[in-house]
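Here's the structure, in structure tokens; my notes come after.
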Amino acid sequence: MAANNFPTEVDTEKIFGMAEKEMEYRVEFFNKLTHTCFNKCVSTKYREGELYMGENTCIDRCVSKYQQVSNIIGQMLAAERRPT
């Protein structure tokens, strides 16, 4: 950052680049989570327009576990990058 605490053009480009990467990561995460949990929990023989209780419960658990594992992996990767 410049001495006047305003980001320079290079800083602004880096910030936007990082934000773009973060958005791409979040979209990819959501798509993988949706695909994984849908395939695991929802029957391919649709009987009703709504999810039944077992499917809802499975999806809730799947999403929770997916997020927990993702957080653990992120923490492990961050720990590896820390200087010793």
Side-chain angles (χ1 to χ4, degrees):
M1 287 206 178
N4 58 9
N5 291 332
F6 292 109
T8 64
E9 189 173 329
V10 173
D11 291 336
T12 303
E13 287 178 20
K14 280 184 177 179
I15 291 168
F16 279 114
M18 290 170 53
E20 188 174 330
K21 289 287 186 192
E22 178 72 16
M23 183 59 86
E24 289 172 4
Y25 165 77
R26 292 194 180 273
V27 168
E28 181 181 1
F29 177 84
F30 177 79
N31 288 337
K32 285 181 179 180
L33 178 141
T34 302
H35 180 74
T36 300
C37 292
F38 182 86
N39 288 340
K40 180 179 185 216
C41 298
V42 179
S43 173
T44 56
K45 298 174 185 169
Y46 302 113
R47 297 184 184 131
E48 300 177 22
E50 302 291 323
L51 296 173
Y52 66 87
M53 183 64 79
E55 290 171 329
N56 274 326
T57 302
C58 179
I59 289 171
D60 285 345
R61 289 180 179 159
C62 181
V63 168
S64 177
K65 287 179 183 178
Y66 200 97
Q67 289 176 325
Q68 286 176 351
V69 168
S70 179
N71 288 341
I72 290 168
I73 291 170
Q75 290 171 357
M76 291 171 68
L77 291 173
E80 286 182 14
R81 282 192 247 160
R82 285 190 201 128
T84 55

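Computation of the quantities below employed the complete heavy-atom set of this structure, encompassing side-chain atoms and omitting hydrogens, waters and symmetry-equivalent molecules. Owing to the predicted nature of the structure, the values given are computational and were not obtained by experimental measurement.
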**Message:** To the closest 0.5 Å, what do you measure between CD1 (Ile72) and CG (Leu77)?
**Reply:** 12.0 Å

**Request:** Taking atom types as modelled, find out whether His35 and Asn31 have a side-chain donor-acceptor pair closer than 3.5 angstrom.
**Result:** no

**Cluster overlap Phe38 with Phe29, hydrophobic side-chain contacts below 4.5 Å** = yes

**Asked** If you count the non-hydrogen atoms of other residues, nucleotides and ligands that lie under 6.0 Å from CD in Glu24, is the total more than 12?
**Response** yes

**Request:** Starting at OH of Tyr66, measure out to CD1 of Ile59 and round the result to the nearest 0.5 Å.
**Result:** 14.5 Å

**Message:** Let me confirm one number: the CD-OG distance from Gln67 to Ser70, rounded to the nearest 0.5 Å.
**Reply:** 8.0 Å

**Message:** Using a 3.5 Å distance criterion without hydrogens, assess whether the side chain of Ser64 forms a donor-acceptor pair with backbone atoms of Asp60.
**Reply:** no

**Request:** Check whether the SG atoms of Cys41 and Cys58 are less than 2.5 Å apart, and answer yes or no.
**Result:** yes

**Item:** Point-to-point distance, once rounded to the nearest 0.5 Å, from CD of Glu55 to CD of Glu50
**Value:** 10.5 Å

**Request:** Give, for atom CD of Glu13 and atom CD1 of Ile15, the distance between the pair rounded to the nearest 0.5 Å.
**Result:** 10.5 Å

**Request:** Give a yes or no answer on whether the side chain of Glu28 reaches the backbone of Tyr25 with a donor-acceptor pair at less than 3.5 Å.
**Result:** no

**Shortest non-hydrogen separation from Cys37 to Val63 and the atoms involved** = SG-N, 3.7 Å

